[in-house]
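Take a look at the structure set out below.
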Amino acid sequence: MGKLDLQQKLAILSDAAKYDASCASSGTAKRSSRDGSGLGSTEGSGICHAYAPDGRCISLLKILMTNFCIYDCAYCVNRVSSNVTRARFSPEEVVTLTLEFYRRNYIEGLFLSSGIIRSPDDTMADMVRIARDLRLKHNFRGYIHLKTIPDADPKLIEEAGLHADRLSINVELPTDASVRAYAPEKNPGTIRKAMADVRLTREASKDRSHTGKRPARFAPAGQSTQMIVGADGANDAAILGQSTRLYASYGLKRVYYSAFSPIPDSTAKLPLIRPPLEREHRLYQADWLLRFYGFDLAEITDGAADGNLDLTIDPKLAWALRNRHHFPLDVNRAPREMLLRIPGFGVKTVNRILTTRRHRTLRYEDLTRMGASLKKARAFITAGGWSPGALTDTADLRARFAPAPEQLSLF
Amino acid sequence: MRTIRVPELDTAAAWRTAARDLLASGTSPGEVIWQYGEAQPDLFAGGTATRPATQPASVPKSFVELSQTVCWHSDPERFARLYAFLWRLRETPGLMQDRGDAALATLRGLEKAVRRDKHKMKAFVRFREIDAEGSRRRFAAWFEPEHHIVEPMAGFFARRFGDMDWMIATPDRTLIFTDGAVSLAPGQPKPDLPEDATEGLWTTYFRNIFNPARLKIQAMQSEMPKKYWRNLPEAAAIPDMIASAEARAREMQLATPSLAPIRAGRISERLRMTDDAPAATDIEALRREAEGCTRCPLHRNATQVVMGEGPRDAPLMIVGEQPGDQEDLAGRPFVGPAGQLFDEIAGEVGLDRDRVYVTNAVKHFKFAPRGKRRLHQRPDGGEVQACKWWLDAERDLIRPKLILAMGATAAASLTGTGQGILKRRGTFETAADGTEILLTLHPSYLLRVPNAAAKDAATRDFRADLALAVAHLDG
């Protein structure tokens with residue numbers, strides 16, 4: 001095999017990186033290069049610079065430093081037992097690509113991950129070096145997301161957090177048992193410990209010393225993780241239970257759910273399926289209900305016998321259909337907690353209702369202008385000029401929302 | 001009838017000044033004709049700026065923000081709409097909060113369109129490198145915005161690309177940044193920009209980051225509408241990526257699993273051989289062993305096992321209930337709020353923590369997740385019993401003269417019952433192996449007692465018990 005040029009390496013190492021769902025570039029500290037002393041800025045909200053035909057945004061240059069790996073994780077395209085073409089960037093190449101892409105406004109920054117080569121410490125040290133060079137040598141003020149290697153020396157992770165905006169460590173699979181089965185070299189305990197360390201260091205970096213001096217900022221955009229959905233047998237209740245614990249324990253900004261997707265050169269251990277995209281979508285919806293809508297895990301998962309979410313309707317609508325005794329709710333009187341539970345109402349809509357109803361009575365027509373989806377909401381609300389009558393309790397209400405039954409394909 | 005010309009430059013500020021004057025002079029919206037275009041001082045001035053204000057115009061801040069965005073919209077009616085709304089706002093200041101109001105909904109719609117256009121400009125401008133003049137590298141781009149957003153976007157690009165010179169040409173206006181200075185020039189037709197080799201790399205990246213197994217064309221187009229494609233170098237690859245996706249995904253699914261390369265076996269073998277180094281001390285060995293403990297279900301949710309710490313020859317062993325949130329994260333006992341309170345009171349009675357072995361009756365944190373917090377849950381009898389094995393192992397290693405049991409759980413683990421701890425505190429009991437056990441309250445109880453008097457009493461009791469332990473060891 002001849003020596004690979006930069007373009008070939010980029011092709012291999014971006015192809016290998018695409019199974020990481022995270023692409024956020026938001027929520028970090030404000031930085032600017034207005035004074036001409038560097039390159040780049042971050043201003044709070046992230047920017048998606050392009051969209052691929054898989055509907056995913058491209059905000060960061062998401063690449064692996066190398067796809068050589070000594071681990072053998074069954075779900076991963078880069079596992080040691082796979083026959084994919086291997087390549088490795090030099091740190092300088094990663095730095096150059098990031099800067100040149102950034103200068104042309106293609107990206108918000110870098111999301112660097114890597115296969116494990118030699119040892120976790122060596123790999124992490126190379127990744128930290130790239131982040132350090134970008135920040136200190138090239139005065140790069142854009143966004144940096146480093147995928148942390150859990151077994152690496154905590155000192156390296158600490159330095160990584162000084163240069164990176166976000167650190168992430170993937171828990172990979174929803175239960176410890178499946179991590180042991182499919183990623184034999186990874187230790188779920190070590191992964192949790194690494195996330196705990198990041199949380200503690202982050203908290204310590206927020207405390208001022210007695211002189212009022214603030215320590216250097218540590219991963220200002222927080223930490224996140226990713227779970228693969230559909231590779232093992234875990235049901236949605238188990239997956240959401242795991243994310244609830246992760247959010248509570250380590251102050252994660254996000255848990256990403258990644259539908260297990262066919263990879264080139266698969267292993268016999270895991271069946272190749274069509275990625276469960278709808279399931280992934282429902283999990284994100286449930287995740288939002290848990291974090292922003294005041295739902296309890298049990299409320300979302302108690303409806304399903306097998307612990308999985310209903311794929312045909314969204315989890316909030318499913319909850320409302322199971323709990324019709326709460327409805328219809330009067331949008332002019334219902335408290336915030338209950339407004340948030342109306343299908344078709346988002347947090348913004350609820351806030352708008354609350355501010356407007358201080359001044360006057362809301363009518364049905366007002367709600368459309370406030371961003372509500374009345375197709376869903378109308379059966380569950382009363383407003384000026386609208387009452388659902390018997391609609392709330394009709395037996396076929398679910399059928400109005402679920403797509404028409406489809407004849408099964410023969411193949 | 002008054003005609004107000006709002007200039008193309010500094011539009012938002014000019015509208016604001018004009019509107020303020022009109023409002024002050026009591027001019028109703030029906031009497032004003034708004035025009036957009038080059039300012040002609042004789043028409044524009046009309047003496048309005050100098051007319052004394054009859055009343056100070058005061059409007060909600062949210063309206064100012066709204067108007068300063070809407071002014072950049074391309075809708076010819078925008079100035080009139082804003083002024084008409086402003087006129088109504090004088091009478092009903094609460095109008096800004098009324099999201100059901102049709103006129104406000106329209107304005108919010110315009111605002112959203114401008115915001116979106118600005119956001120898309122941030123995202124979809126694509127620079128090409130052009131020849132450098134002097135030390136700074138130079139770049140240029142062509143972009144076609146929908147609204148008059150080039151001027152308000154100047155700040156963003158200046159903050160972002162501070163160390164290079166650049167130009168963004170649009171049909172509406174040209175934005176130029178040279179040596180740190182921003183300037184605006186009139187719009188222009190699409191300039192001829194030189195080829196840039198980095199575009200090839202970028203398209204390579206775009207092609208390869210795409211996962212053909214999850215085709216969602218609609219999702220892509222709603223965020224990256226086709227009207228932008230002609231100025232995006234990567235967009236040329238999209239039709240082919242879509243066309244070949246189905247076949248690529250099918251190919252991956254049909255391919256039979258391959259045999260692992262030979263080196264894979266060798267690498268995995270070597271990895272398995274590098275086992276953990278032998279333990280340094282017996283306590284260390286115990287800790288390693290405990291890390292794999294699955295005697296009760298608590299290990300599933302906790303971060304890590306938290307074993308005790310302290311000198312091997314400590315005469316006093318202190319046993320608490322279980323690690324809390326902070327202990328679970330740090331992997332060390334008694335570092336959270338209860339631990340700090342303990343340290344404080346221990347210091348008062350001359351009990352040196354470094355001379356004591358501190359540990360817990362249960363080694364994993366039991367909790368219930370609530371949003372961003374973990375709520376402590378008391379371990380049940382089965383869990384205490386399961387973990388007693390580890391506590392006994394620690395007692396075997398340390399062989400303390402005295403054990404201080406803090407709280408009901410520790411009492412239950414050490415004496416078999418946790419009942420009536422408030423009555424039993426301050427008394428010595430004997431464990432099955434003859435070790436003396438002094439019972440006391442758990443410091444977290446002191447933190448929880450609601451009324452001040454009871455809290456003081458409990459703290460006094462706790463301090464007395466610690467002092468008793470110190471005296472007992474000295475005596």
Side-chain angles (χ1 to χ4, degrees), chain A residues 7 10-11 14-15 18 32-36 38-41 47-55 58 62 70 72 80-81 83 100-101 103-106 176 185 189 192-193 196 199-200 244-245 247-249 251 261-268 272 275 277 352 355-356 359 362 366 369-370, chain B residues 94 97-100 105 122-123 125-127 139 158-164 180 198 200-202 204-206 208-211 213-217 219-220 223-224 232 234 238 241-242 245 249 252-253 257-258 260-261 264 267-268 271 291 300-301 303-304 329-330 369-374:
Chain A
Q7 185 137 358
L10 179 63
S14 51
D15 189 84
K18 69 183 160 206
S32 147
S33 60
R34 182 67 186 86
D35 58 1
L39 174 70
S41 63
I47 301 170
C48 301
H49 284 270
Y51 287 81
D54 51 15
I58 300 173
K62 197 190 306 182
I70 54 177
D72 197 19
V80 67
S81 60
N83 288 293
E100 292 307 311
F101 278 13
R103 285 192 187 283
R104 286 159 182 82
N105 203 38
Y106 301 156
D176 288 4
E185 290 88 2
R192 284 200 284 268
K193 238 184 260 180
R199 180 182 147 191
L200 286 178
T244 329
R245 280 192 299 276
Y247 281 124
S249 304
S261 150
I263 48 171
D265 195 43
S266 61
T267 152
L272 282 189
L277 297 182
R352 286 168 185 165
T355 47
T356 307
H359 302 280
L362 288 173
D366 292 323
R369 292 190 207 109
M370 295 180 177
Chain B
Q97 272 91 54
D98 189 346
R99 279 312 297 258
K122 289 179 187 174
V125 160
R126 294 284 184 267
F127 283 114
F139 293 82
R159 287 190 293 277
R160 174 150 292 203
F161 300 105
D163 72 349
M164 59 194 219
T198 308
L201 283 171
W202 170 239
T204 303
Y205 174 68
F206 184 72
N208 284 286
I209 202 69
F210 161 61
N211 184 348
R214 5 183 340 147
L215 202 59
K216 278 189 182 174
I217 302 171
M220 164 183 70
E223 292 300 332
M224 195 167 80
L232 296 171
E234 67 272 25
I238 294 175
M241 287 160 71
I242 294 175
M252 284 192 281
Q253 273 171 315
S258 62
I267 294 173
S268 300
L271 207 59
E291 271 170 15
R300 279 189 214 135
N301 301 339
T303 301
Q304 53 193 322
L329 297 173
R370 278 286 174 285
K372 292 179 182 172
R373 291 222 163 73
R374 301 193 282 184

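Bear in mind the structure is a predicted one, so any value in this text is a computation, not a measurement.
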Closest non-hydrogen contact found for Arg374(B) with Ala248(A) is CG-O, 3.5 Å
Side-chain contact, heavy-atom cut-off 4.5 Å: Thr204(B) with Gln7(A)? yes
Do Asn211(B) and Ser261(A) get their side chains close enough for a donor-acceptor pair, meaning under 3.5 Å? yes
Could you list the residues that satisfy salt bridge (Lys or Arg N to Asp or Glu O under 4.0 Å) with Asp366(A), not counting sequence neighbours? Arg360(A), Arg369(A)
Taking the side chain as every heavy atom from C-beta outward, state whether Leu201(B) and Glu100(A) have any pair of such atoms under 4.5 Å apart. no
Under 3.5 Å donor-acceptor, Lys18(A) side chain and Phe210(B) backbone: yes
Looking at Asp54(A) and Lys216(B), what are the two nearest heavy atoms and their distance? O-CB, 3.6 Å
Ala158(B) versus chain A, heavy atoms under 4.5 Å apart: side chain, backbone, both or neither? both
From Arg352(A) atom CZ to Gln97(B) atom CD, the distance as rounded to the nearest 0.5 Å: 13.0 Å
Would you mind reporting whether Tyr106(A) and Arg126(B) have side-chain heavy atoms less than 4.5 Å apart? yes
Any sub-3.5 Å donor-acceptor pair from Tyr51(A)'s side-chain atoms to Ile217(B)'s backbone N or O? no
Side chain, backbone, both or neither: which part of Ile263(A) has an atom under 4.5 Å from a heavy atom of chain B? backbone
Does Ala260(B) offer a backbone N or O that forms a donor-acceptor pair with the side chain of Ser81(A) under 3.5 Å? no
Given a strict heavy-atom distance threshold of 4.5 Å, which part of Ile70(A) is in contact with chain B: side chain, backbone, both, or neither? both
Closest non-hydrogen atoms of Ser14(A) and Ile209(B), given as atom of the first, atom of the second and distance, are O-CD1, 3.5 Å
For Arg99(B), give me all partners under salt bridge (Lys or Arg N to Asp or Glu O under 4.0 Å), at least two apart in sequence or on another chain. none
For each of Met164(B), Met241(B), Glu234(B), tally heavy-atom pairs with chain A at distances under 4.5 Å, and name the one with the top tally. Met164(B)
Taking side chain as everything from C-beta outward and backbone as N, CA, C, O, which of these in Ala245(B) sits under 4.5 Å from a heavy atom of chain A? Side chain, backbone, both or neither. neither
Counting heavy-atom pairs under 4.5 Å with chain A, which one of Met252(B), Arg160(B), Met220(B) comes out on top? Arg160(B)
Need one label for Ile47(A): side chain, backbone, both or neither, based on atoms under 4.5 Å from any heavy atom in chain B. both
Would you say Thr303(B) and Arg192(A) are linked by a side-chain donor-acceptor pair, where the criterion is simply a distance under 3.5 Å? no
Over all atoms of both residues, closest heavy-atom pair of Asp176(A) and Arg300(B): OD2-O, 4.2 Å
How far apart are the C-alpha atoms of Asp163(B) and Arg103(A), what are their side-chain angles, what is the distance that settles it, and do they pass the side chain to side chain contact (heavy atoms under 4.5 Å, CB included) test? CA-CA 10 Å; Asp163(B) 72 349; Arg103(A) 285 192 187 283; 2.9 Å; yes
Pro369(B) versus Arg245(A), closest heavy-atom pair with distance: CG-CG, 3.9 Å
So CG of Asn105(A) and CZ of Phe127(B): to nearest 0.5 Å the spacing works out to 6.0 Å
Heavy atoms only, distances under 4.5 angstrom: which of Asn83(A), Thr244(A), Thr355(A) has the most pairs with chain B? Name it, please. Asn83(A)
Using non-hydrogen atoms and a 4.5 Å limit, figure out which bit of Arg214(B) sits close to chain A: side chain, backbone, both or neither. both
Let me know if Phe139(B) has heavy atoms under 4.5 Å from chain A in its side chain, its backbone, both or neither. side chain
Bottom line for Glu223(B): the part with an atom under 4.5 Å from chain A's heavy atoms is both
Which one, Ala196(A), Gly36(A), Gly189(A), leads in non-hydrogen pairs under 4.5 Å with chain B? Gly36(A)
Once the angle between the rings of Phe101(A) and Trp202(B) is folded into 0 to 90°, is it parallel (under 30°), tilted (30 to 60°) or perpendicular (over 60°)? perpendicular
Counting C-beta onward and ignoring hydrogens, is there a side-chain heavy-atom pair between Ile58(A) and Met224(B) closer than 4.5 Å? no
Taking all heavy atoms of Val80(A) and all of Ala264(B), pick out the closest pair and write down the distance. O-CB, 3.4 Å
Specify which of Gly38(A), Ala11(A), Cys48(A), Pro53(A) makes the most heavy-atom pairs with chain B at under 4.5 Å. Pro53(A)
Determine whether Arg104(A) and Thr198(B) satisfy the following criterion, side chain to side chain contact (heavy atoms under 4.5 Å, CB included), listing intermediate values before the conclusion. CA-CA 9 Å; Arg104(A) 286 159 182 82; Thr198(B) 308; 3.4 Å; yes
